[in-house]
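These numbers come from a predicted model, not from an experiment. Side chains included, hydrogens not; waters and symmetry mates left out as well; all remaining heavy atoms used. Chain letters run A, B, ... following the sequence lines, proteins first, then strands; residues in each count from 1.
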Amino acid sequence: MTTRLHDTLTGAVRPLEPLEAGHVRVYSCGPTVYGPAHVGNFRSFLFADLLVRHLRWRGLRVTWVMNLTDVDDKIINGAAAAGIAIDELAERWIAGFLEDARTLRMSHPDVLPRATEHVPAMVALVERLLAGGHAYRTDDGSIYFRIASWPAYGRLARLDPGQMRVGERVAADEYTKDDVRDFVLWKGPREGEPSWETALGAGRPGWHLECSAMSMQYLGESFDIHTGGVDLVFPHHEDEIAQSEAATGKPFVRTWLHCAHLQMGGRKMAKSEGNIARVTELLAAGASPRALRYALLAAHYRTALSFSDESLAAAAAAIERLDALVAALEAYRSDGPGDPSLAGLLGRAREAFGTALDDDLAISPALGALFDLVRDLNRRIADRTLSSPDADTALAALRDLDTVLGVLPDPADALPDALDALLEARASARASRDWAASDRLRDELAAAGILVEDTRDGQRWRRAGSPSGA
RNA sequence: GGCGACGUGGCGAAGUGGCCUAACGCGGGGGUCUGCAAAACCCUUAUUCAUCGGUUCGAAUCCGAUCGUCGCCUCCA
């Protein structure tokens, strides 16, 4: 069984065949660190995370690189507005990004290269393009890529360069270039902007350049998968292909993966639309991190996903269902002989789950398989057909699937002594059938975020997940 | 003006020629269990897949038209 993925360039769903057997190289366009990322940005990061987790779960080695764009117009403007250096602004929001990523349980990329630390590699790339006749200088010290020198331009985005409405919504460029469609590789020095002294002269790199230079530095001139949001298809990735392939003469990326937009209020979530939600704000409003992760992951990556209070609440409820099962399995005790049907049940669930994700990361049927399993396990718990070891086996199976999803609660950590004492007090109150005391202690624990439930195995507890921003 | 995606129950979302009188999650209604509660389980909640027409023995799934929504062509995940 091989994972199949939809490639934007060819429009086909094809089996993933890594250039190096057993080792997949993945590059993901990361954040521009001029402010906090919104959850729409995180949809694309988490979809890449899902991809990486799934490939690793399938036993493949994955090298995952995600860039940090720490120099561009927005950062320059933002730093100027705040009266600080661009480095300072970038540092602040890199820290913010990493914090949000941790909160949302995103796997840590193997490399998080920063653009400002890779200027020499970018300069070298531009030199190759100049030497090959694919780039030219202008009077202000800028260097542009000559689209006319690259006939394949427009293939990724399926745009006909002749039909492009370039310039219509863009004021006449302040830089002078031969053709309005040419894109900048290197921006000449300007007053008040950071500048690097390089073999190309003074200036700073254009945005598209960094991804080509850094991806090729860490993953090779040809690599397996490149991910990003659909809004990067044009011009960003189109330009990356042109400058990379024109420089190396080799195919740049084998498979292009693009996730659709996260929508809020029926429109794409975007700062310019004013309809954004940020991780820290949502958490402050009471959202649970795992519910947020689930909400961003729960629809197929190539379909628009709507985000709302309702979707977050639904995600929180789904997470609660998983939490309740985990708590039930952890508390389950039975000396019974065990359930002979369990192994088959778990095997079929894993099979269905994996098969779904192999099909271009089809998350919906994968979640369907997961929740079918949840119901079947709950039934067995209610019917008490499982043995204690069976419960452990089932829990391990759930945790195995969760290697990919990353939404189950952490293994129950110890409670503070004070709360532990309340639990014990409640247990003895129940033993003496002192319902008033028992109920009062249950309320106290609930107020402390601990949900207590009574079963024939005695009372069991779990931490309350914050049910969305209710 | 060009290119593209999509329209499935109260909401979200699978399914792309017969096993679909349509998965899964959320929500609603009824029930079981329970000291109470919670959780869980059971039953129920679309004879229907934007509309119209066509192809086919057979269509949510293919074709055409119409209406509607969203996205890209510009910084953008």
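In this model, the phosphate group of B:rC72 is not approached by any side-chain N or O of A:Arg158 to a distance below 4.0 Å at OP1 or OP2.
A salt bridge does not link A:Glu351 with A:Arg348: every distance from a Lys NZ or Arg NE/NH1/NH2 to an Asp or Glu carboxylate oxygen is 4.0 Å or more. Taking 4.0 Å as the cut-off between side-chain N and carboxylate O, A:Arg379 and A:Asp376 count as a salt-bridged pair. Ionic pairing of A:Asp402 and A:Arg290 is not present here: no N-O contact between side-chain nitrogen and carboxylate oxygen is shorter than 4.0 angstrom. The residues A:Glu444 and A:Arg426 are annotated as not salt-bridged, no charged nitrogen and carboxylate oxygen being separated by less than 4.0 angstrom. A salt bridge links A:Arg105 with A:Asp410: at least one charged nitrogen is closer than 4.0 Å to a carboxylate oxygen.
Checking B:rG25, B:rA77, B:rG71 against every side-chain atom of A:Cys29, the shortest atom distance belongs to B:rA77. Between B:rA77, B:rA37, B:rC73, one nucleotide has an atom nearer to the side chain of A:Phe234 than all others, and that is B:rC73. Distances from the side chain of A:Ala318 to the nucleotides B:rG25, B:rC24, B:rA77 place B:rG25 closest.
No side-chain heavy atom of A:Glu210 sits less than 4.5 Å from a side-chain heavy atom of A:Pro205. The shortest side-chain heavy-atom distance between A:His226 and A:Ile241 does not fall under the 4.5 Å cut-off. In this structure, A:His54 and A:Asp358 have side chains that are in contact, with non-hydrogen atoms separated by less than 4.5 Å.
A:His237 and A:Trp256 have tilted rings, their planes meeting at an angle from 30° to 60° on a 0 to 90° scale.
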Pairs under 3.5 Å (N/O, protein and nucleotides 30-35 of chain B):
{"unit_1": "B:rG35", "atom_1": "O6", "unit_2": "A:Arg430", "atom_2": "NH1", "d": "2.7"}
{"unit_1": "B:rG35", "atom_1": "N1", "unit_2": "A:Asp439", "atom_2": "OD1", "d": "3.0"}
{"unit_1": "B:rG35", "atom_1": "N2", "unit_2": "A:Asp439", "atom_2": "OD2", "d": "2.7"}

Can you tabulate the close N/O pairs, meaning under 3.5 Å, that link protein atoms to atoms of nucleotides 8-13 of chain B?
{"unit_1": "B:rA13", "atom_1": "O2'", "unit_2": "A:Ser364", "atom_2": "OG", "d": "3.0"}

Taking only nitrogen or oxygen atoms into account, show me every contact under 3.5 Å that the protein makes with nucleotides 48-51 of chain B, one pair per line with its distance.
none

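Atom CG of A:Asp323 and atom P of B:rC26 are 12 Å apart (whole Å). One can place NZ of A:Lys187 at 9 Å from P of B:rC75, the figure rounded to the nearest angstrom. A straight line from NE2 of A:His38 to P of B:rA77 spans 7 Å, rounded to a whole angstrom. Atom-to-atom, CZ of A:Phe307 to C1' of B:rC26 comes out at 15 Å; the value is rounded to the nearest Å. Per the geometry, NZ belonging to A:Lys268 stands 18 Å off P belonging to B:rA5, to the nearest Å. Atom-to-atom, CG of A:Leu159 to P of B:rC72 comes out at 12 Å; the value is rounded to the nearest Å.
Both A:Asn41 and A:Asp359 sit near RNA chain B, but only A:Asp359 has its closest nucleotide nearer the 5' end. Between A:Ala328 and A:Ala317, the residue anchored closer to the 5' end of RNA chain B is A:Ala317, taking for each the nucleotide with the nearest heavy atom.
Among the protein residues, A:Ala260 comes within range of the nucleic acid bases, having at least one heavy atom under 4.0 Å from a base atom. Residue A:Gly40 is in base contact, counting any heavy-atom pair closer than 4.0 Å across all strands shown. Heavy atoms of A:Leu262 sit under 4.0 angstrom from at least one base atom.
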* Annotated protein contacts, base or backbone, on nucleotides 40-46 of chain B with a non-hydrogen cut-off under 4.0 Å, one of B, S, - each -> SSS----
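Every pair tested for salt bridge (charged side-chain N to carboxylate O under 4.0 Å, His left out) that includes a residue from residues 31-40 of chain A fails, sequence neighbours excluded, so the list is empty. Among residues at least two apart or in separate chains, ring-ring contact (aromatic ring centres under 6.0 Å, His included) pairs with a member in residues 346-376 of chain A are A:Trp57-A:Phe353. Listed by first then second residue, pairs satisfying ring-ring contact (aromatic ring centres under 6.0 Å, His included) with a partner in residues 294-327 of chain A read A:Phe47-A:Tyr301, not counting sequence neighbours.
Qualifying side chain to side chain contact (heavy atoms under 4.5 Å, CB included) partners for A:Glu91, counting only residues two or more places apart in sequence or in other chains: A:Arg114. In this structure A:Gln263 satisfies the side chain to side chain contact (heavy atoms under 4.5 Å, CB included) test together with A:Ala304, sequence neighbours excluded.
Taking atom P on both B:rC19 and B:rG10, the two are 23 Å apart, rounded to the nearest angstrom. B:rA23 and B:rA14 are spaced 14 Å apart, taking the P atom of each and rounding to whole Å. Annotation: B:rG1 and B:rG17 have their C1' atoms spaced 37 Å apart (nearest Å). Taking the C1' atoms as reference points, B:rG2 lies 29 Å from B:rU61, given to the whole Å. Using atom P as the reference point in both B:rA13 and B:rG7, the two lie 10 Å apart (nearest Å). Nucleotides B:rU8 and B:rA60 have their C1' atoms positioned 7 Å apart, rounded to a whole Å.
Secondary-structure annotation of RNA chain B gives the stems B:1-7 with B:67-73, B:10-12 with B:24-26, B:27-32 with B:40-45, B:50-54 with B:62-66, with a stem taken as at least 3 successive Watson-Crick or G-U pairs whose two distances both fall under 3.5 Å.
Note: A:Arg380 CZ to A:Asn378 CG = 11.0 Å, rounded to the nearest 0.5 Å.
Near RNA chain B, defined here as any heavy-atom distance below 4.0 Å, there are no residues from residues 107-116 of chain A. Non-hydrogen atoms lying under 4.0 Å from RNA chain B are contributed by A:Lys74, all within residues 66-80 of chain A.
Geometrically, A:Arg293 does not engage A:Phe42 in a cation-pi contact defined by less than 6.0 Å to the ring centre and at most 45° from the axis.
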